[in-house]
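One structure below.
When reading the values below, keep in mind they use all heavy atoms of this one structure, side chains included, and skip hydrogens, waters and symmetry mates.
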Amino acid sequence: MANRNRLTAQQCVDLLKEETGAEIKPVTFHSYVNRGHAPKPVEKIGNTPLWKRSDIVEWARNRPGRGARTDLRKPRRTTNTESTENR
């Protein structure tokens, strides 16, 4: 019997669309996993990786939006005392 809480890549993509409305292809999802932008699979059956449903739901709800630059660090904000000292 299949475990309902373990998902294939296609099921992850379908769940992502259900949770957020965003559509991606399974190959894009695999690319996210390989780059560390999505959860790693928790087990394999044969050559098929499987993900935990709760991990995918959490990732889908917290992932940055389309076009977000996740490789950039946020700029450090200066305080009033720092800006007056530099003058």
Side-chain angles (χ1 to χ4, degrees):
M1 178 177 217
N3 186 341
R4 192 175 111 65
N5 292 313
R6 298 292 188 257
L7 307 173
T8 64
Q10 182 61 56
Q11 291 169 323
C12 290
V13 168
D14 294 341
L15 182 59
L16 177 66
K17 183 176 181 187
E18 183 181 307
E19 288 289 323
T20 65
E23 285 189 57
I24 63 170
K25 295 181 180 181
V27 69
T28 304
F29 177 73
H30 280 293
S31 177
Y32 289 161
V33 172
N34 290 336
R35 288 185 279 148
H37 296 289
K40 296 242 181 248
V42 292
E43 69 179 272
K44 271 187 159 185
I45 295 181
N47 287 332
T48 306
L50 300 173
W51 286 265
K52 209 166 135 181
R53 177 181 291 276
S54 60
D55 290 347
I56 298 303
V57 169
E58 182 180 337
W59 172 72
R61 291 180 180 164
N62 296 316
R63 68 184 219 135
R66 184 177 184 176
R69 292 286 307 264
T70 58
D71 60 330
L72 302 176
R73 291 196 291 171
K74 294 182 179 171
R76 194 175 126 214
R77 295 179 64 184
T78 59
T79 61
N80 289 339
T81 57
E82 287 179 4
S83 60
T84 55
E85 289 174 1
N86 293 334
R87 290 184 184 177

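Using a 4.5 Å heavy-atom threshold, the side chains of Leu15 and Trp51 count as separate. Leu16 places none of its side-chain heavy atoms less than 4.5 Å from the side chain of Phe29. Ile56 has its side chain within reach of Pro39: a pair of non-hydrogen atoms, C-beta onward, lies under 4.5 Å apart.
Interatomic distance, CD of Glu19 versus SG of Cys12, reported as 11.5 Å (0.5 Å rounding). The CG atom of Asp14 sits 7.5 Å away from the OG1 atom of Thr8 when rounded to the nearest 0.5 Å. Summarising the geometry, atom CZ belonging to Arg53 is positioned 5.0 Å from atom CG belonging to Leu7; distances are rounded to the nearest 0.5 Å. Between the OG1 atom in Thr28 and the NE2 atom in His37 there is a gap of 12.5 Å [rounded to 0.5 Å].
Shown here is Glu58, whose CD atom has no more than 12 heavy atoms of other residues, nucleotides or ligands within 6.0 Å.
Pairs engaging residues 38-47 under the salt bridge (Lys or Arg N to Asp or Glu O under 4.0 Å) rule: Arg6-Glu43 [sequence neighbours left out].
Through side-chain heavy atoms spaced under 4.5 Å, either directly or across other Ile, Leu, Val, Met, Phe, Trp or Tyr residues, Leu50 is tied to Ile45.
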